Amino acid sequence: MKINDFEEKALWLRRELWKMVMRQRKGHIPSYYSCVEIIVALYYAGIARVVKGLPDDPNRDRIIVSKGHAAAVQYPVLADLEFFDRGELKRYTQPGGLLGMYADFRIPGIEGISGSLGHGVGMGSGFALAAKKNNKNYRTFVVLGDGECYEGSIWEAAMFAAHQKLDNLVV
């Protein structure tokens, strides 16, 4: 893919998120939009190993959006990767729908629930340590929000990751 393709994909993602939120009048547009390029790079630029149609591939890289109020940024991408039916995007936050305002484990491709700020690095460190202990070569990517960097748990997890030499963790 060329840079223009990634720019188009980012624009597509912003449009999909806008439609989801405007349909229900629920969501956090600025939080979603602030990490669109990172999400596009991870999923579409070949940075993270993710296999279309296989959300539970044991060799996949793990991607955690730590700021829970932005986790829905992944929904259109996960639908595009055929992890669930695209029709679910129209049911965003509706009773009986798969996709809530905050992500949960029922959603294929969601690796961690992060409603409270500051837990993504800890979860990511756990995934990264498990990979090392089990001789697996997957990586874990954690997308942080600026506000959660004030949480002590972020820094405790960062110190843990450094102590454990988790070079398979990208924050």
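One is the number of the first residue; the rest follow in order along the sequence. As the structure is a computational prediction, the values presented were derived from the model and not from experiment. Below, all heavy atoms of this structure are taken into account, side chains as well, without hydrogens, waters or symmetry copies.
With hydrogens and angles ignored, the 3.5 Å screen pairs a side-chain donor or acceptor of Glu88 with a backbone N or O of Leu98. Between the Glu151 side chain and the Glu148 main chain, no donor and acceptor come within less than 3.5 Å of each other. Counting only distance, with no hydrogens or angles, the side chain of Tyr102 and the backbone of Ile113 share no donor-acceptor pair below 3.5 Å. When atom types are taken as modelled, the side chain of Arg139 and the backbone of Ile47 share a donor-acceptor pair closer than 3.5 angstrom. Proximity of a side-chain donor or acceptor of Arg60 to a complementary backbone N or O of Pro55 within less than 3.5 Å is detected.
The two atoms that bring Gly100 and Thr93 nearest to each other are C-CG2, 4.2 Å, heavy atoms only. Heavy atoms only, all atoms of each residue included: Ser125 and Ala161 are closest at OG-CB, 3.8 Å. Annotation for Asn168 and Ala131: closest pair ND2-CB, 3.6 Å, computed over non-hydrogen atoms. Of all heavy-atom pairs between Met20 and Pro76, the closest is SD-CG, 3.8 Å. What you find for Ser31 and His69 is that their closest heavy atoms are OG-CD2, 2.9 Å. Scanning all heavy atoms of the two residues, the minimum distance from Asn137 to Arg49 falls at O-NH2, 2.7 Å.
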| said: Please evaluate residues Ile39 and Val65 with respect to the criterion side-chain contact (heavy atoms from CB on, under 4.5 Å), reporting the C-alpha separation (whole Å), side-chain torsions for both, the decisive distance (0.1 Å), and the verdict. | reply: CA-CA 9 Å; Ile39 295 298; Val65 176; 4.0 Å; yes
| query | Between Leu13 and Tyr43, is a side-chain contact (heavy atoms from CB on, under 4.5 Å) present by the stated rule, with each step listed? | reply | CA-CA 12 Å; Leu13 182 52; Tyr43 283 102; over 6 Å; no
| request: Determine, stepwise, if the pair Val143 / Gln74 fulfils side-chain contact (heavy atoms from CB on, under 4.5 Å). | output: CA-CA 11 Å; Val143 179; Gln74 294 176 286; over 6 Å; no
| Going through the checks in order, is the salt bridge (Lys or Arg N to Asp or Glu O under 4.0 Å) test met by Lys9 and Glu37? | CA-CA 9 Å; Lys9 197 56 112 167; Glu37 282 77 13; over 6 Å; no
| message | Before you tell me yes or no, could you show the steps for Tyr75 and Ile107 under side-chain contact (heavy atoms from CB on, under 4.5 Å), namely the whole-Å CA-CA distance, both residues' side-chain angles and the distance that decides it to 0.1 Å? | response | CA-CA 9 Å; Tyr75 296 168; Ile107 304 167; 3.6 Å; yes
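Under a hydrophobic clustering in which Ile, Leu, Val, Met, Phe, Trp and Tyr are joined whenever their side-chain heavy atoms come within less than 4.5 Å, directly or via other members, Phe141 and Val36 fall into the same cluster. Residues Leu11 and Phe6 fall into different hydrophobic clusters, defined by Ile, Leu, Val, Met, Phe, Trp and Tyr side chains chained together at heavy-atom separations under 4.5 Å. In the hydrophobic clustering of ILVMFWY residues, with side-chain heavy atoms under 4.5 Å counting as a link, Val21 and Leu89 come out together. Following chains of ILVMFWY side-chain contacts shorter than 4.5 Å, one cannot reach Val170 starting from Met159, and the two form parts of different hydrophobic clusters. Val121 and Leu117 are members of different hydrophobic clusters when ILVMFWY side chains are connected at heavy-atom separations under 4.5 Å.
How far CD1 of Ile3 is from CD of Glu8: 11.5 Å, rounded to the nearest 0.5 Å. Here the CE atom belonging to Met101 is positioned 5.0 Å from the NE2 atom belonging to His28, to the nearest 0.5 angstrom. Here Ile110 contributes atom CD1 and Asp104 contributes atom CG; the two are 8.5 Å apart, rounded to the nearest 0.5 Å. Taking CE of Met123 as the start and CZ of Arg62 as the end, the distance is 13.5 Å to the nearest 0.5 Å. Rounding to the nearest 0.5 Å places CG of Asp61 at 7.5 Å from OG1 of Thr140.
Between Lys67 and Asp146 there is no salt bridge, since no side-chain nitrogen of the basic residue lies less than 4.0 Å from a carboxylate oxygen of the acidic one. Using a 4.0 Å cut-off between a side-chain N of Lys or Arg and a carboxylate O of Asp or Glu, Arg86 and Asp80 qualify as a salt bridge.
Within the structure, side-chain hydrogen bond (donor to acceptor under 3.5 Å, both in side chains) pairs that include any residue of residues 152-161 do not occur (at least two apart or interchain).
For Arg15, the salt bridge (charged side-chain N to carboxylate O under 4.0 Å, His left out) test picks out no residue, with sequence neighbours left out. Listed by chain and residue number, Asn134, Tyr138 satisfy the side chain to side chain contact (heavy atoms under 4.5 Å, CB included) test with Ala130 (two or more places apart in sequence, or in another chain). The side chain to side chain contact (heavy atoms under 4.5 Å, CB included) check on Asn4 picks up Glu7, with sequence neighbours excluded. Every residue two or more places apart in sequence or in another chain that forms a side chain to side chain donor-acceptor pair (under 3.5 Å) with Tyr32 is listed here: Tyr92.
Side-chain heavy-atom separations under 4.5 angstrom define the hydrophobic clusters, and the remaining members of the one that includes Val51 are Leu54.
Classified by interplanar angle (parallel below 30°, tilted 30° to 60°, perpendicular above 60°), the ring pair Trp12/Tyr44 is perpendicular.
Taking the side chain as every heavy atom from C-beta outward, Pro108 and Asp56 never approach each other to under 4.5 Å. Counting only heavy atoms from C-beta outward, the side chains of Phe160 and Leu166 approach each other to under 4.5 Å.
Each of Ile63, Val77, Asp57, Leu42 was evaluated against Val50; a single residue qualifies, Ile63, per the side chain to side chain contact (heavy atoms under 4.5 Å, CB included) test.
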